[in-house]
Structures are given as structure tokens and as C-alpha cells.
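Remarks on the structure that follows.
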Amino acid sequence: MSGADAPGAAAREGPGGALPAAAAAGIGILPGAAAAPADRWYPWRRAAEAGLAPIAALLAAFAAFAVFLLLLDKSPAEFLDLVWRGAFGSWFSLQNTLQRAAPLLLTALCVAIPARLGLVIIGGEAAVALGGLAAVAAALPVLGGPALLVWLVMAAAGAAAGALWIGLAGWLRARRGVNETIASLVLAYVGLAPFNHLVEGLLRDPASLNKPSTFGIGDALMLPALPGTDLHPGLLAGLAACVLSWVLISRTATGFAARVTGGNLRAAQLQGLPVQKLMIGACLLGGGFAGLAGMIEVAAVHGRANASLIAGYGWSGILIAFLSRHNPLAIIPMAVLLGGIGAAGGLLQRRMDMPDATVMVLQGFIFVAILASDTLLGRHPWFQPRRAES
Amino acid sequence: MDAITTVLVAMLGGALRVSTPFLFVSLGECLTERAGRINLGNEGVMVFGAMIAYATSYETGSPWLGVLVAAGCGMLIGGLHGLVCGMRGVNDVAMGIAIMLAGTGLAFFFGKPYVQPSAPLLPNIPLGGWADSPQLQNALAVSPLFFLGLAGAFAMAWMFRATRMGLRIRIVGESEDAARALGLPVERMRFLATAAGSGLAGIGGAFLSLCYPASWNEGLSSGQGLMAVALVVFARWNPVHCITAALLFGAAGALGPSLQTIGITWGYYLFYAAPYAVTLAILVATVQPGRTLKGMPGELSIGR
């Protein structure tokens, strides 16, 4: 947080402050648009820097993991080969990868959108669970209706539940000055209480003995696979959400106001921007996406709400958002990468006789390395803006 | 014994047992945050500490050695967090989540062979010898780690209040500018505070696997390491208040199971969440727009 060159300023900007400020200035605007005439390659060099650092970190993470494997007497080459085959090597594994990436796209947006305003929201886990629960609860009374109607009701209920939960953290931050990181973390645990209470109580299907679950929506109402694939429409929803969020942030006046707020809160207030509304709105939107992820997991994968919804999508989403520097478009490749590593787990387990936690270890290595690579940014003078030569 | 006494006794025992890991991890978090850094990675540290303590106890037959190894490994993982967060431009909240996932992953990876075997556990101190009822005797069989945690809390409070080192940690956490003006090695002190804090969290993890629930499996920790952040807010960054916070959170966690002993199963999870709701209510009630929380270290990245 603190550099020797500017200790006070860097530390006071807070966790979200420093990063989105740079991101808002750099990523959203087309290269060239913001350049001083004297140095028109600067935006390209800056983009190259933002891309090179994480790629170098990714390689470093794989190298460190290779050492880890060698220490355990396993072959890194075989491991890499299996990860490739399990994640992207065949149509089957690619579908598995994309399937896993779908909820991550949405939970990463739950972090990335508020982060553009300088808010660090870490409660996505509960928003997913509550979104899934609300989707089931809303579907149960209308199960007899046409499928499309049921899906719309489920999506609306899921998104509303997620939006309510994260929006509450945003409201507390904007109106009451409560720190949104702590508030969303505490709310995440508060939110699991009604989830468990209803899943094990009122909404519990008595037939679900070993794993308490709600009543199911039934096979007929499951979201159908996309034609010719096993992919569920949740992937499309996630991709659309990422693209729309990018347009919203980078191409609209509202998004610009949000980026100004994230870059400098006081300047935004002095300009008369509706800072509080922007904060609450960003949290509502992000939470809505996380809730939608829960609805999709229910409607496309599980068919009912149970503990499978609390599978760490919210936590992974936080990291994916940070890895993509809160740029909604960069979330897509990052989510696919992480989904791919998750998808390779089964193959690794069978072929190399490694525990299923192997992919967690690898993901942990990658997260640590890429987050640490943030420190490389702005170090090398070649990437910095240059003065006009006289 | 009537129903209310049964519940109260069960709650007492539950509170003493459930609160100990909360106490250690919140003390660790308190130390780290007083130096101006937040460490969400303590969740991963706890899970890894639980695994390594259990494994060490199983392999060597000495549970105390397990506690030591857990503390050492906690310091290593916390040291990694401290090292990386000390680099310019790295976000400590995100890095904490990454450390949490990495620590949990490593614990599951290496802990697989230790799910089945049963390791020697830490013996409890039977303080209930005077009591007639077996329930009360059972409730008062307290782990020595609980008393270690109590002593640690008072020692830390004394350190902050009365020692040179405590004052320096407070300066580093309160104002980096002032610390640099005094020539204090800010990054080294934060690194050490993070490592030491995670060492305490590792002991909390050892308690989970060696005292209560006293086994190693992948569902052992239920997020105590993350909740530590809420506990420290609740305790206003005061180590002695961490005891109160840990006991309260432990008692609330014990309320549901205690009511089950007399046949009340309703609201199990709602009681469990009660302390979080209380923390949130306290946050909302005491914070005013434009002011940070009373007692919050000025350099903490989550405060502004």
C-alpha cells in the first residue's frame, strides 16, 4: 500500500482508491484517446505493462508450482499436459471449463463494479446463496406456469435478493459511513443464517436426507442447454453482463461519473456528482449479478438450493475481479482460466493420483503471484509517459 | 436439573470451547491491524494450522509439539502475506483472500491422509471436580489453550499500553508519516506483526483439531479466520475486549446446540448469526458519516 516515494498519499487512498484510479484512467479509454500529442504510444505501452505483468506472474506461479510438484516427486510436464487437456484440450473439457466460468463471471462483476467507485465489496458469497434461495422460493408458487415465466420470476427474485444484500452494504457505506468491506463481510455471515434456516426448515424437501435441500423446481423447468452443446444459458448471461458492464462503465456518462468517484471522491463531490446514488447503484447492480449467479446455479445445475451454492464462487469472484483490475472485459479470460484449472481437477485426480485440493493449491499460487505482480506496475521507466523531445 | 440450567450449563461449556479459536485468531488479527494492516488470510492459516497440528500430533504422539508447529507454520504463511503486502501497490484485502484460498488448498492437499487416523489430543484441565453433575463437570473441562489465550490477551494489552514495542506498533498503525519521521522501520514492523498475528491464528487452528471439535476434516473451520475481522471491530482493537468478543461469539455459537439438548431445534442458524447482526448493529450505531470507528488504527486500509 505504501511506497517509499509517497507514503502518506498512497496509504490514505485506501485499497480501492489507488487501483481504480489508475484503472479508470487507463483501461476504459481507447488507447490514443487520452494521450498527449507528444507521446502517442504511451497508452499502448501502458496497456502492454498491464498485460505483461500478470502474464509474467502467471508463468512464475506455474514455475513455483512445478517446483512444488518436483518436491512431491510428480512430473510437472505431465501435470501441465493434464491441465491443458482437462481444461481446454477437447470440446468436452472446454465445455466443462466454460460451465465453471459462468458463475465466476457474475460474482467477479459483483466486486469489480463497486470497485470502480473505490468500494471493496467482499460479501458475494452470501449474495449467491441468497439469490439461489430466493429463486427457488419464488419459483415454488408458480411451478405450474409456463417455463419462460418461471425462469423470469426466478431470475428477478435471485437478482433482487443479491442486489438487496450487497446494496445494503452500499447503502450503509454511502448514507451511514460504515466501511463497506467490513459491512459486506459481516452481512455475508448474517446472510447465511436465513439461508440455512430456510434450507433446513421451511423450504426443506423432506426427501433430502443426507444433504438438506429445498424442494426442487423439477427437471422440466431446468434451463435447457444451448443447441448443440452441454452449455447452459448462464454462460451467455455472464458474458452479456460483462460486456454490458463494460459499456456502462466505459461508454456512458454514469460510468464516467462512477470512475471519477473512484478516482477522487472529493473531486466528484465538488463537481456535484450524485456520489451516494452511484455507490448504492453500483452495489445494487453488482449484488444483482451475484444473485443471478445463484439463480443460474439453481436453474441450470442443481435444480434446488442447498449447500452446493456456498462453493466459494463469491471468494473466487473477488480474486478474479482484482486480477482483471476491475475491468469487466478482462474478467472473461480470467474467469475462463480459473474455470479451466477447476475443470482439470478431475483428470488430475484420476491420472496423477493427486488429491482434489491440487487445483486449489495451484489457484492459490496463481492468485498470490498475480496480486503480487501489481507491485511491478509503474516501476520501469520505459512504460512511463515521456516528455516531448525538443 | 431443569431445562434452563441444562441450557446454561451447555452454553457455558460450549462458550468456553467454541470461543478459544475465536480468541486466538482475533488476538492475532488485532495485533496485525494495530500495526496498520488487515489479514483476511488468517482463515487459511487456521485451516492449515489445524491440519499440521493434527498431523504432527499423529506422527510424533505429542499434541503440544503440534501446537508449536501450527504456530510456526502460521508465522510462515502470515510472513508471506506480510512480505507481499509490504510491496508497493499490493492490495491487502485481496491478498488476504488469496492467502486464505492458498492456505486452505495446501491444508486439504497435505491433510488428505490424516482425515481417518486419530491423533493424540490435548488434555483438558478438569475444573469441575467439585461439581456433582456430570454435565457441569463436562462443561468445566477447559482446555489449557483457553488460559493461554487469556494470558496472551492481557499480555498484549499490557504490551500496547506499557512497552516501547507496543508504542512503536501503535505509531506504525496510527500514522505512517509519524513513524517514518521517528525513523521506525514501518514495513519490517508490519511484516513482523503480520507474521506474529498469523502465528496466533495457527494456534487457534491447532485448537480446532486437537481440542474441539478435535478431529481433522475439510469442514473443520467455519470461517472463524474471516470472522476475526468482525470480532476485532467488535472489540474496538482492544486485546482484552477480544476476550469478551470471543466469549460472546462462542456463546452465541453454542446457543443453538445447547437448545438442541433440551429438544428445541428451531432457530439453530439464526442464533448462530446473532453476534454478526449485533456487530453490524454496533457498527451502524456508532459510525457517523465522515468519521472512522473509534479505536480504529489510522493506517488501516479498510478505514477512511
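In what follows, chains carry the letters A, B, and so on, assigned in the order in which the sequence lines appear, proteins first and then strands, with residues in each chain numbered from 1. None of the values given here were measured: they were computed from a predicted structure. Both backbone and side-chain heavy atoms feed into the values below; hydrogens, waters and symmetry mates do not.
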- Query: If you count heavy-atom pairs under 4.5 Å between each of B:G111, B:G103, B:A94, B:A230 and chain A, which one has the most?
  - Reply: B:A94
- Pair B:L280-A:L187, side chain to side chain contact (heavy atoms under 4.5 Å, CB included): steps then yes or no: CA-CA 8 Å; B:L280 194 67; A:L187 275 172; 3.7 Å; yes
- Item | Which atoms of B:F271 approach chain A - backbone, side chain, both or neither, heavy atom under 4.5 Å | neither
- Task: Using the side chain to side chain contact (heavy atoms under 4.5 Å, CB included) rule, take A:F322 and B:M95 through it: C-alpha gap first, then chi angles, then the decisive distance, then the call.
- Result: CA-CA 9 Å; A:F322 272 90; B:M95 182 51 81; over 6 Å; no
- Message: Under the criterion side chain to side chain contact (heavy atoms under 4.5 Å, CB included), I'd like the reasoning laid out for A:L72 against B:F110: C-alpha separation, chi angles, the key distance, then a yes or no.
- Response: CA-CA 11 Å; A:L72 296 170; B:F110 290 112; 3.8 Å; yes
- Query: What part of B:L40 is in contact with chain A, defined as an atom under 4.5 angstrom from a non-hydrogen atom: side chain, backbone, both or neither?
  - Reply: side chain
- Item | Non-hydrogen atoms of A:G364 and B:A102 that approach each other most closely | CA-CB, 3.7 Å
- Item | Side chain / backbone / both / neither for A:I122 at chain B, heavy atoms under 4.5 Å | side chain
- Message: So, taking the atom named CG in B:L226 and the one named OH in A:Y189, what distance separates them when rounded to the nearest 0.5 Å?
- Response: 4.0 Å
- Item | Heavy atoms from other residues, nucleotides or ligands near CG of A:L71 exceed 12 (cutoff 6.0 Å) | yes
- Item | Closest approach of A:A372 to B:V90 (non-hydrogen atoms, all atoms of both residues) | O-CG2, 4.0 Å
- Message: Looking only at heavy atoms and a cut-off of under 4.5 Å, which of B:L101, B:I97, B:V84 has the most pairs with chain A?
- Response: B:I97
- Query: Which bit of A:F195 comes within less than 4.5 Å of chain B, counting heavy atoms only: side chain, backbone, both or neither?
  - Reply: neither
- Message: I'd like to know which of A:I318, A:L319, A:V111 tops the heavy-atom pair count under 4.5 Å against chain B.
- Response: A:L319
- Go through the atoms of A:L371 and report whether side chain, backbone, both or neither lie under 4.5 Å from a heavy atom of chain B. both
- Applying side chain to side chain contact (heavy atoms under 4.5 Å, CB included), run through A:D356 and B:K112 and close with a yes or a no. CA-CA 9 Å; A:D356 49 357; B:K112 204 95 197 169; 3.4 Å; yes
- Distance from A:E200 atom CD to B:Y269 atom OH, nearest 0.5 Å? 3.5 Å
- Rounded to the nearest 0.5 angstrom, the OG1-CG distance for A:T375 and B:N91 is 12.5 Å
- Task: Please state whether the side chain, the backbone, both or neither of A:L323 comes within less than 4.5 Å of a heavy atom of chain B.
- Result: neither
- Query: Which distance, rounded to the nearest 0.5 Å, do you find between the CD1 of A:I182 and the CD1 of B:I38?
  - Reply: 6.0 Å
- Item | Spacing of B:Y276 atom OH and A:L192 atom CG [to the nearest 0.5 Å] | 10.0 Å
